[in-house]
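Whatever order the structure lists ligands and atoms in, that order sets their numbers, starting from 1. Being a predicted model, the structure only gives us computed values, none of them experimental.
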Amino acid sequence: MSIVKVSNLSKVFGEKGNLNKVLDDITFEIEKGEFVSLMGESGSGKSTLLYLIGGLDKPTNGEVFINENDINKLKEKQIAKLRRKDIGFVFQFYNLVQNLTVEENIMLPVIMDGKKEKDYKERLDKILKIIGLEAKRHSLPNQLSGGQQQRVSIARAIILSPSIILADEPIGNLDSKSGEEVMKLFKTINKEEGITILQVTHSEEAAKYGNRIIRLKDGKIID
Ligand code: ADP
Ligand code: MG
């Protein structure tokens, strides 16, 4: 089954006379369980594509299906719910809430979704173990290294067991050792939790953790 289906997707920014066609009639699918790396030069539209898939922006043309739902046919409330439950976002700069502890950050989606925290206690413990930060559960983000903070943001992305993680240059701000740890964590999550992953990366090495590479150039898939 395909988790993501992108069909004849185009995105144009700007106004008449000054149009910037960033994505040009793109079509592809990602199957459940895949780990896909999206590559391409800076400015080639990788982030734009990720945002369209995550329902954070609207296409100029074409469709995006997540678990067979045409997300641009959903009401704003339904899209918000899909983003909370089905999609886990990971960004380059972690986006943690600075005055909340590690475990409070990880539990944010549970609270936002109106669920009972106690029902997620076991999952929280399991995830803290997977990310290797059980001893830091009561620490604040600024007491952690960049790599540790990114592992917390990944934990937050998976607490509600989404079907897919969308990660935009997740190791772009990390040294190579921390980057490797983050990539290994993605691999573990992909294998053991069965969560599909789509990551944007500039690193051929990081891309190899996935099973497939999609390359973007001039708004089209070249490979
Ligand atoms: P990448 O992530 O591959 O570096 P982006 O998707 O961020 O590329 O950007 C692709 C192109 O789209 C760039 O030329 C950028 O200036 C343009 N762009 C991205 N977002 C916007 C926006 N909100 N408004 C106008 N232009 C944008
Ligand atoms: Mg980008």
Side-chain angles (χ1 to χ4, degrees), residues 3-30 34-66 71-72 74 76 79-80 82-83 87-96 146-147 149-154 156-157 162 164-176 178-180 182-183 185-186 190 195-223:
I3 298 274
V4 174
K5 186 172 169 208
V6 166
S7 190
N8 303 107
L9 196 71
S10 298
K11 180 71 180 179
V12 181
F13 288 113
E15 335 230 292
K16 252 191 182 156
N18 187 23
L19 294 176
N20 183 6
K21 196 169 205 178
V22 174
L23 297 174
D24 187 7
D25 199 25
I26 284 185
T27 297
F28 68 91
E29 289 185 41
I30 297 176
E34 280 203 282
F35 183 168
V36 177
S37 301
L38 179 60
M39 302 190 80
E41 287 168 20
S42 192
S44 60
K46 305 180 297 296
S47 295
T48 302
L49 179 55
L50 221 59
Y51 295 160
L52 291 177
I53 292 172
L56 296 171
D57 198 1
K58 301 252 178 234
T60 307
N61 269 304
E63 289 103 42
V64 174
F65 299 86
I66 303 286
I71 61 167
N72 294 300
L74 298 177
E76 206 41 59
I79 294 187
L82 182 94
R83 277 201 301 259
I87 304 174
F89 289 96
V90 176
F91 300 98
Q92 186 174 356
F93 293 104
Y94 334 125
N95 293 11
L96 299 176
Q149 290 187 60
Q150 191 60 299
R151 271 147 48 205
V152 174
S153 91
I154 292 168
R156 179 183 57 187
I164 187 164
I165 290 180
L166 301 175
D168 197 355
E169 299 193 38
I171 63 166
N173 192 43
L174 301 178
D175 62 82
S176 60
S178 308
E180 205 181 307
V182 164
M183 291 315 304
L185 176 58
F186 276 130
N190 177 242
I195 297 176
T196 307
I197 297 174
L198 174 59
Q199 70 157 348
V200 170
T201 185
H202 281 290
S203 154
E204 293 285 344
E205 217 166 303
K208 283 189 196 129
Y209 283 83
N211 63 291
R212 177 156 71 101
I213 299 176
I214 295 175
R215 289 182 202 274
L216 271 185
K217 192 177 182 189
D218 299 330
K220 292 194 181 284
I221 293 176
I222 54 166
D223 190 7

Worksheet item: Quick check: are there more than 12 heavy atoms from other residues, nucleotides or ligands sitting under 6.0 Å from CD of Glu29?
Response: yes
Practice prompt. Tell me, please, which residues at least two apart from Asp168 pass salt bridge (charged side-chain N to carboxylate O under 4.0 Å, His left out).
Written response: none
Residues 58-65, side-chain donor-acceptor partners within the protein, below 3.5 Å, at least two apart:
| from | atom 1 | to | atom 2 | distance (Å) |
| --- | --- | --- | --- | --- |
| Thr60 | OG1 | Val12 | N | 2.8 |

Worksheet entry | Closest heavy-atom pair and its distance - Val90, Ser153 | CG1-OG, 3.7 Å
Discussion item. What I'd like to find out is whether the side chain of Leu50 reaches to under 4.5 Å of the side chain of Phe89, using heavy atoms alone.
Written reply: no
Worksheet item: Taking the Mg ion (ligand 2) as the center, what protein N, O or S atoms are found at less than 2.8 Å?
Response: Ser47 OG
Discussion item. Does Lys217 form a side-chain contact (heavy atoms from CB on, under 4.5 Å) with Ser44? I'd like the steps, not just the answer.
Written reply: CA-CA 6 Å; Lys217 192 177 182 189; Ser44 60; 5.9 Å; no
Practice prompt. Could you name the protein residues that come within less than 4.0 Å of ligand 1, counting only heavy atoms, and order them by chain and residue number?
Written response: Phe13, Asn20, Val22, Glu41, Ser42, Gly43, Ser44, Gly45, Lys46, Ser47, Thr48
Worksheet item: Does the distance from a Lys or Arg side-chain N to an Asp or Glu carboxylate O, for Lys208 and Glu180, drop under 4.0 Å?
Response: no
Practice prompt. Determine the minimum heavy-atom distance between Glu204 and Ile213, stating which atoms define it.
Written response: OE1-CD1, 4.3 Å
Discussion item. Do Asn8 and Ile26 make a side-chain contact, defined as non-hydrogen atoms from C-beta onward lying under 4.5 Å apart?
Written reply: no
